[in-house]
Amino acid sequence: MDNFSTNRASFCGGAPLATSSRSRTAYILLLLCVICVATCFGSPSPGRGVVQPIVTANGTKSVKHPPSITATLERQTLLASVTVSGISAPQVSPLDALWQRRAVRWVLGVVVVAVLYVAIYLSAPGAIPKGFRAEPSTSPRQLHVARNLLIGVAVFTCLDGVIFHTGLYASILAPASYAGRMAMLTRAEKQRVSSGLKEVLVVGDSRIAEGFSAAAADKLGSEAGFKFLSVAEAASSIDIWYYALREVDPAAHRYTAIVFPMVMPTSKPALRISMAAPVLHYGDCFEFASGFEQWPDRFRAFTGSILRGSAYQADIASLLEHPFERVRNVRLPENKHERAAYEGRDDDIVGTSYNPKTGQVTFPPRLTEFQRDTIRYSLRPPSESETRTQHLAKLQRHWIQRILQRYSASQTAIILMPAPRGPFGGFSKLSMAYRTFFGTIAMNDKSVLMLPEHMFDFLEAPEYYFDGLHLNSKGRQKFTARLVAELVKRLQPIDSRHLASDPN
Amino acid sequence: MLFNSFQYWIFFLIVAVLFYSVPFRVGKLLLLCASYVFYMWWDPRFIVLILTSTVVDYFLGILLEMANARRKRLLLIVSLVVNLGFLGFFKYYNFFAGSLAALLHLPESSVILQIILPVGISFYTFASLSYTIDVYWGKMKAVRNFIDYAFFIAFFPHLIAGPIIRARQFISQIQLWRRPAAIVVQSGIVLILSGLLKKTVFADRLAVVADNYFNDPTAHPGWLSAWTGGLAFAYQVFFDFSGYTDIARGCAKLLGFEFPLNFARPGLARNPADFWQRWHITLSLWLRDYLFMPLSRLRKGRFTLYQNLMVVMVLVGLWHGANWTFVLWGAYQGVLLIGYRLFHRATTGTAVAQVMGKRYFVPFSVGLMSLSFVVSTAFFRARTLQDSGSILSAMFGFQHMAGEFLLTTDTIALLFVALFLAVAQERSQFIDRLALAPARIQIPAYACAFLALELFPVTGTTPFIYFQF
């Protein structure tokens, strides 16, 4: 091993800062090649062999997406197993088609080798260096360390604000992602022109998104003068509903009623942060962050509220991975109409039996592993620790109060409804204390209506579910019909008062 | 408390503010306490080891200075036994006992102990040893101030994963400490940002590809999978470790201390000797000064030189981890170094040497060296010798299939960006000079660095690879 030393003393008289113009051109060429080569060579993450869900198909049923499953992996699994009649359209991008040509691959290979050769050639102007200089230790002029750093931070914050707080980036979020769907939903609802009817907004998580059809509800309720709308989205939690409501109803008087399910929010912190990002403001940083149990999550939520880009890391990675595909997907007209056209899943879990005494579940062979898992999950007693349950209850209590506070001076009625529990009743993940809490709210606040806890018990049968938690198309129809009937019945008297004072 | 975690930066901020708000004498004590808190954050029990090693070597240093030649040797042996004894027991006991049990066909459970490897033990043991050996050789005077010595051993930026600092470089910095100049602070900030980018953007993203391959190499057969997986790991380990070193050096600079350079663009090395002058420089220098040179002084001769080289490199391998894969990795590096020396000797003065010295040939040398480093990942990253064998057979086409191209678009882009930056740094110290750049360059550079740190890290805080060594 040869002698080796750092030579700090000689730093200031070292290599000149400016490089030759020939080198600069080579650097620019090198960068251009990087972009070209990276785009053409990269394999789709996480590997080429991954089964991608077919999201569009030709045929009678057109586009068919289940809009709400509890996690990305689960969603992908389900999307991958959707059976659509007709012939699937081959989705080969021009770049992929180009890549499949052998000659192109060879040319790119040669380009890569050439780029590497030029780069390394440029790096080696002479003999092997015998020592390496450390960082500079003296400066010929006065430095403004703190000033430059602070301005750098300010520029960065402004850049983040321009890109991520103005809705610029939210408009190109992956339409199939939770954050993308949330952004799209709230944007569409915000831009929607008032129908002139009595508008009822339903919010909720995947169980409501799968179970409630705004289109079907409209047909059923239009005679009574009601228009039903939904911003229910999978994996969303009550804090996100609050922010979404603030986004779509800034003056807090747009709706006759807002319907909430009585559920425990259980989505993962990272998902919650990215989903809330499109509807957060700078001022939400403390309140939103305080809703998380662990300090690292609170910190992430805090930074996600201020530096919004950090909440979109996964989306940005996916955008850089497939930029052209993203642009194509964002422009798809189906995105806007997908939810209205969605009629629910046709599958059911008929044949599944559950013995509450022994806890034994028997599945018919046709059920997928995912369906079995969700059924088992729905039958499992709540496993959250006492602290966690308390935290969730506290969170729910806080946000319910915030929503009530927001609508306290408004004519909008707040309606709490039970969520569909599962094919065998199962556990609603709602502790007794929690139920008592909802009851207290309804008793104390006369503008809050609480729908009967057992009004959807008739749906607790395998024929109405496509997995352990979510209603299928048949269940969706029944649920929607029952809910609309109940709401129309209860809202008629309230609404006459509301309309008398509200010009809309 | 990882350097890439939120807790560390809160800790660092508090420590730095307190350090600068009190006189240095108190500040030094405060930094020492903070270093012990930092170390105990991993496991409070580890503090016993580091304190024992510190106390023993502190007194041995003083005794060494006063002792006669015969007693000096005895005291040095005591220091070696204590330090290497701790290292050997905690890091290598299970490895050697397990290997011996396998050799004697004994059940492994009868000899294996439940030992937790104390983090950073390899690093602070080497730092501590360098002190007693230097005092023994008379290269430095024994440190009389215990706080100074304890601070040298435990100073938190280098404690867990280096760089390996020497007492004779560092003690004088403690004694002559002055508030860092603006340029030093600026360099520190640039180093920290560059280290965080290396770790969170480059290393963690390449780790996705490398883990995908190395966690189950049999799931990805074929030469293309092996080479792309190996390439991803080779650069992951570089960015990971050099990112850590940059952050450590940057933090030290902000507190007014200098750590030596540890990495100098090893991807641009032209031969194995050049590579070891660029990769983990403080370790290779330590081994050169405290192992290779003393061994070379004992016996002369070309064969002895090669033999010593091999011994040193096998020990380098073993230093990295208690596993036969690391031993083979070290041996492989030894073979490369010896092979290069033999080749160099055979071709000196010939036309071959002339061609190899030309600038146009450099990319071929660099390419060959890079490929040989990628091959070494088959030993370094594989969990077992069987895995190493399987990866090597895949790399050299014995599986008779191409397999998958594992690199993703973003990892390819990152590798090219890294190449571009390495070339710019090699030619003109492009990154280091950012500290001297005018505001019109520095401010956008800061903004871009923050934006990259915000947008491109892989979600979650992942530990540094060299923590396990």
Side-chain angles (χ1 to χ4, degrees), chain A residues 1-2 4 6 14-17 19 23 27 30-31 34 37-39 41-49 115-117 119-125 128 132-139 142-145 148-149 151-153 155-156 159-160 270 296 299 307 309-310 313-314 316-317 320-321, chain B residues 6 181-187 189 191 208 212 260-261 264 268 270 273-274 276-277 281 284-285 288 292 359-360 362-363 366-367 404-413 416-417 419-420 422-424 426-429 432-433 435-436 439 442-444 446-447 450-451 454-457 459:
Chain A
M1 281 181 270
D2 301 312
F4 186 95
T6 57
L17 242 179
T19 51
S23 305
Y27 284 145
L30 199 68
L31 264 184
V34 169
V37 169
T39 316
F41 254 117
S43 68
S45 178
R48 281 217 160 113
V115 167
L116 290 173
Y117 184 90
I120 298 166
Y121 180 84
L122 284 171
S123 77
I128 296 177
F132 299 95
R133 296 187 200 104
E135 298 76 29
S137 54
T138 53
S139 167
Q142 198 193 348
L143 295 170
H144 303 280
V145 183
N148 289 357
L149 186 65
I151 298 176
V153 171
V155 170
F156 153 66
L159 270 175
D160 177 88
F299 176 70
L307 304 171
S310 65
Q313 280 169 3
I316 290 162
L320 294 177
E321 195 77 38
Chain B
F6 164 62
I183 181 66
V184 176
V185 175
Q186 191 94 281
S187 296
I189 294 168
L191 272 174
V208 177
N212 179 29
L261 203 66
L268 297 177
R270 301 181 205 176
D274 187 22
W276 281 100
Q277 288 183 29
I281 298 163
S284 50
L285 282 180
R288 183 199 66 182
F292 181 74
R359 194 178 176 186
Y360 63 75
V362 172
V366 171
E404 294 167 86
F405 185 79
L406 296 176
L407 295 177
T408 51
T409 312
D410 51 352
T411 50
I412 296 171
F416 275 97
V417 168
L419 176 71
F420 176 77
V423 170
E426 182 84 357
R427 275 182 67 91
S428 60
Q429 284 200 288
D432 294 345
R433 278 168 185 268
L436 283 171
Q442 217 169 68
I443 291 168
Y446 280 148
F450 286 127
L451 208 59
E454 180 199 13
L455 304 181
F456 302 128
T459 313

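Order of the sequence lines sets the chain letters (A, B, ...), proteins ahead of strands, with each chain counted from 1.
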Interface moiety of [X] toward chain A, non-hydrogen atoms closer than 4.5 Å:
X: B:Gln442; value: side chain
X: B:Leu455; value: both
X: B:Leu451; value: both

Ring geometry between A:Phe156 and B:Phe450 (parallel below 30°, tilted from 30 to 60°, perpendicular above 60°)
tilted

Does the side chain of A:Val153 reach to within under 4.5 Å of the side chain of B:Tyr446, using non-hydrogen atoms?
no

Side chain proximity check, A:Ile316 to B:Phe456, heavy atoms < 4.5 angstrom
yes

Side chain, backbone, both or neither: which part of A:Leu307 has an atom under 4.5 Å from a heavy atom of chain B?
both

A:Tyr117 versus chain B, the contacting section by heavy-atom distance below 4.5 Å:
both

Can you name the nearest heavy-atom pair linking B:Glu454 to A:Gln313, along with the distance?
O-NE2, 2.8 Å

Which one, B:Ala422, B:Ala439, B:Pro444, B:Gly367, leads in non-hydrogen pairs under 4.5 Å with chain A?
B:Ala439

Winner by heavy-atom pair count (cut-off under 4.5 Å) against chain B, out of A:Leu320, A:Val145, A:Val155:
A:Val145

